Amino acid sequence: MTDRPPLPPFTLETAMRKVQAAEDAWNTRDPQKVSLAYTEDSVWRNRDTFVTGRAAIVTFLTGKWERELDYALRKALWSFTADRIAVRFQYESHNASGQWFRSYGNELWEFDSHGLMRRREASINDVAINESDRRIFGPRPESEHGQDIPLQ
C-alpha cells in the first residue's frame, strides 16, 4: 500500500498540511483524484447521505460537482489528535439556474497508518447568497495557505 503523507501521528504542522492538501484536492473537482486520499473501504456521512468505498465516493463526488457548479472551497483546521482531524469549511457554488450558495460545515476525519482517510463525517448547511456577496474565487492562493476562514 502506498503512503499518503503526512502520516499519523499528526503534529500541528502536519495536520495543517493534511487540511491544505484536502482543500487543494477538492478544489480540482476531480472525483477520481480526490478519491485516492481515502481507503478502499472508507465510510462517509455527508449530510444525509452514507457512502462506503472508493468507487461510491467517485460516484457521489461526480454527482455533487454536476449540481454544485463553479465550486470553490476553503478549509481550516479546528482540532487534531494522533490519527484524527476536525475541520470547519466553507464553499461556494451555484446551481444550474444560477443561484449562488455558501455552504458552511464541519468534518471529522479518521486516518489509517498510511495517511488514508478511513472515515469522514460532514455536517453542512447551505445559505443562498447573491453573486455579488461571493468571497471564495477558485483555489486558495499559496500566500493564503493556513489562514482561517471568516465565520459569516
Side-chain angles (χ1 to χ4, degrees), residues 1-93 101-127 129 134-152:
M1 175 174 287
T2 304
D3 285 345
R4 187 90 175 190
L7 307 177
F10 296 114
T11 64
L12 176 58
E13 178 188 342
T14 61
M16 289 179 70
R17 283 198 344 245
K18 197 69 151 178
V19 171
Q20 187 62 55
E23 177 184 306
D24 293 345
W26 279 64
N27 275 325
T28 69
R29 291 176 264 163
D30 180 339
Q32 189 63 43
K33 178 178 182 173
V34 171
S35 75
L36 298 176
Y38 301 90
T39 62
E40 289 287 346
D41 60 351
S42 187
V43 176
W44 284 22
R45 182 188 58 77
N46 192 92
R47 301 176 193 248
D48 61 350
T49 302
F50 295 83
V51 177
T52 301
R54 218 181 257 168
I57 290 169
V58 170
T59 299
F60 174 85
L61 292 175
T62 299
K64 172 184 178 63
W65 290 320
E66 287 173 352
R67 292 183 309 277
E68 296 177 358
L69 306 173
D70 294 319
Y71 172 99
L73 168 73
R74 297 293 184 270
K75 290 184 182 284
L77 176 66
W78 189 255
S79 184
F80 70 96
T81 65
D83 65 348
R84 293 180 176 167
I85 295 176
V87 299
R88 34 183 219 99
F89 65 88
Q90 294 175 25
Y91 67 84
E92 293 175 353
S93 63
F101 295 90
R102 183 173 303 123
S103 300
Y104 297 88
N106 300 294
E107 291 178 318
L108 305 174
W109 302 340
E110 183 178 72
F111 295 87
D112 70 7
S113 62
H114 298 282
L116 295 171
M117 195 181 304
R118 62 178 160 220
R119 184 177 181 125
R120 174 184 174 265
E121 296 189 27
S123 298
I124 307 168
N125 299 299
D126 304 312
V127 176
I129 62 171
R134 290 182 60 209
R135 62 174 181 242
I136 302 173
F137 300 92
R140 185 189 307 241
E142 193 169 332
S143 63
E144 296 177 11
H145 285 190
Q147 291 184 8
D148 203 1
I149 50 178
L151 183 56
Q152 295 183 356

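The structure presented is a predicted model; accordingly, all values stated were derived computationally and were not measured.
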Inset, instruction - Using the side-chain hydrogen bond (donor to acceptor under 3.5 Å, both in side chains) rule, take T39 and D112 through it: C-alpha gap first, then chi angles, then the decisive distance, then the call. - result: CA-CA 8 Å; T39 62; D112 70 7; 5.7 Å; no

Legend entry - Shortest non-hydrogen contact from P8 toward A82: CB-O, 3.2 Å

Legend entry - Test salt bridge (charged side-chain N to carboxylate O under 4.0 Å, His left out) applied to E110 - qualifying residues, sequence neighbours left out: R84, R118

Inset, instruction - May I ask you to test the H145-R140 pair for a side-chain heavy-atom distance under 4.5 Å? - result: yes

Legend entry - Stacked cation flag R88 on W78, 6.0 angstrom / 45 deg: no

Inset, instruction - Mind running side-chain contact (heavy atoms from CB on, under 4.5 Å) on W44 and I57 for me, showing each step along the way? - result: CA-CA 8 Å; W44 284 22; I57 290 169; 3.4 Å; yes

Inset, instruction - Any chance you could lay out the side-chain hydrogen bond (donor to acceptor under 3.5 Å, both in side chains) test for T59 and T62, step after step, and finish with the verdict? - result: CA-CA 5 Å; T59 299; T62 299; over 6 Å; no

Inset, instruction - With the side chain counted from C-beta on, respond yes when T49 and F60 share a heavy-atom pair under 4.5 Å apart, and no when they do not. - result: yes

Inset, instruction - Please tell me if the side chains of D70 and R29 come closer than 4.5 Å, counting only heavy atoms from C-beta onward. - result: yes

Inset, instruction - Could I get the full list of side-chain hydrogen bond (donor to acceptor under 3.5 Å, both in side chains) partners for T52, not counting sequence neighbours? - result: none

Inset, instruction - To the nearest 0.5 Å, tell me how far T28 OG1 sits from W65 CH2. - result: 6.0 Å

Legend entry - F80 side chain near V19 side chain, heavy-atom distance below 4.5 Å: no

Inset, instruction - Quick one: pull up CD1 in I124 and CG in N106 and give me the separation to the nearest 0.5 Å. - result: 9.5 Å

Inset, instruction - Report the C-alpha separation of R135 and Q90 in whole Å, then their side-chain angles, then the decisive distance to 0.1 Å, and conclude whether the side-chain hydrogen bond (donor to acceptor under 3.5 Å, both in side chains) test is met. - result: CA-CA 10 Å; R135 62 174 181 242; Q90 294 175 25; 2.7 Å; yes

Inset, instruction - Looking only at non-hydrogen atoms, find the nearest pair between D148 and A76 and report the distance. - result: OD1-CB, 3.5 Å

Legend entry - Member of I85, L7, L77 meeting the side-chain contact (heavy atoms from CB on, under 4.5 Å) criterion with K18: I85

Legend entry - Sole candidate of M117, E121, K75 that passes side-chain contact (heavy atoms from CB on, under 4.5 Å) when paired with E107: K75

Legend entry - Atom of T14, atom of P9 and distance for their closest heavy-atom approach: OG1-O, 4.4 Å

Inset, instruction - Nearest 0.5 Å please: distance from the CH2 atom of W109 over to the OG atom of S42. - result: 12.0 Å

Legend entry - Interatomic distance, F10 atom CZ to S79 atom OG [nearest 0.5 angstrom]: 12.5 Å

Legend entry - side-chain hydrogen bond (donor to acceptor under 3.5 Å, both in side chains) partners of Y91, counting only residues at least two apart: R47, K64, E68

Inset, instruction - Quick one: closest heavy-atom pair of P139 and N27, and the distance? - result: CA-ND2, 3.8 Å

Inset, instruction - Before giving the answer on side-chain contact (heavy atoms from CB on, under 4.5 Å), spell out for T11 and R17 the whole-Å C-alpha distance, their side-chain angles and the decisive distance to 0.1 Å. - result: CA-CA 10 Å; T11 64; R17 283 198 344 245; over 6 Å; no

Inset, instruction - Output yes when a side-chain donor or acceptor of D30 lies under 3.5 Å from a complementary backbone atom of Q32, and no otherwise. - result: yes

Inset, instruction - Indicate yes or no: at least one non-hydrogen side-chain atom of T2 is less than 4.5 angstrom from one of H114. - result: no

Legend entry - pair E23-Q20: side-chain heavy atoms closer than 4.5 Å: yes

Inset, instruction - Check whether any side-chain heavy atom of Y104 sits under 4.5 Å from a side-chain heavy atom of V127, and report yes or no. - result: yes

Legend entry - Residue pair F89, L73: steps toward the side-chain contact (heavy atoms from CB on, under 4.5 Å) verdict: CA-CA 7 Å; F89 65 88; L73 168 73; 4.0 Å; yes

Inset, instruction - Look at atom CD of E144 and say whether more than 12 heavy atoms of other residues, nucleotides or ligands are closer to it than 6.0 Å. - result: yes

Inset, instruction - Output yes when K33 and D24 qualify as a salt bridge under the 4.0 Å nitrogen-oxygen rule, no when they do not. - result: no

Legend entry - Spacing of CD1 belonging to I136 relative to CZ belonging to R102, to within rounding of 0.5 Å: 6.5 Å

Legend entry - Polar contact flag, side-chain donor to acceptor under 3.5 angstrom, S93-R67: no

Legend entry - Trace of the side-chain contact (heavy atoms from CB on, under 4.5 Å) decision for F50 with V43: CA-CA 8 Å; F50 295 83; V43 176; over 6 Å; no

Inset, instruction - To the nearest 0.5 Å, tell me how far L108 CG sits from S123 OG. - result: 7.5 Å

Legend entry - Close side-chain approach of F101 and I129, heavy atoms under 4.5 Å: no

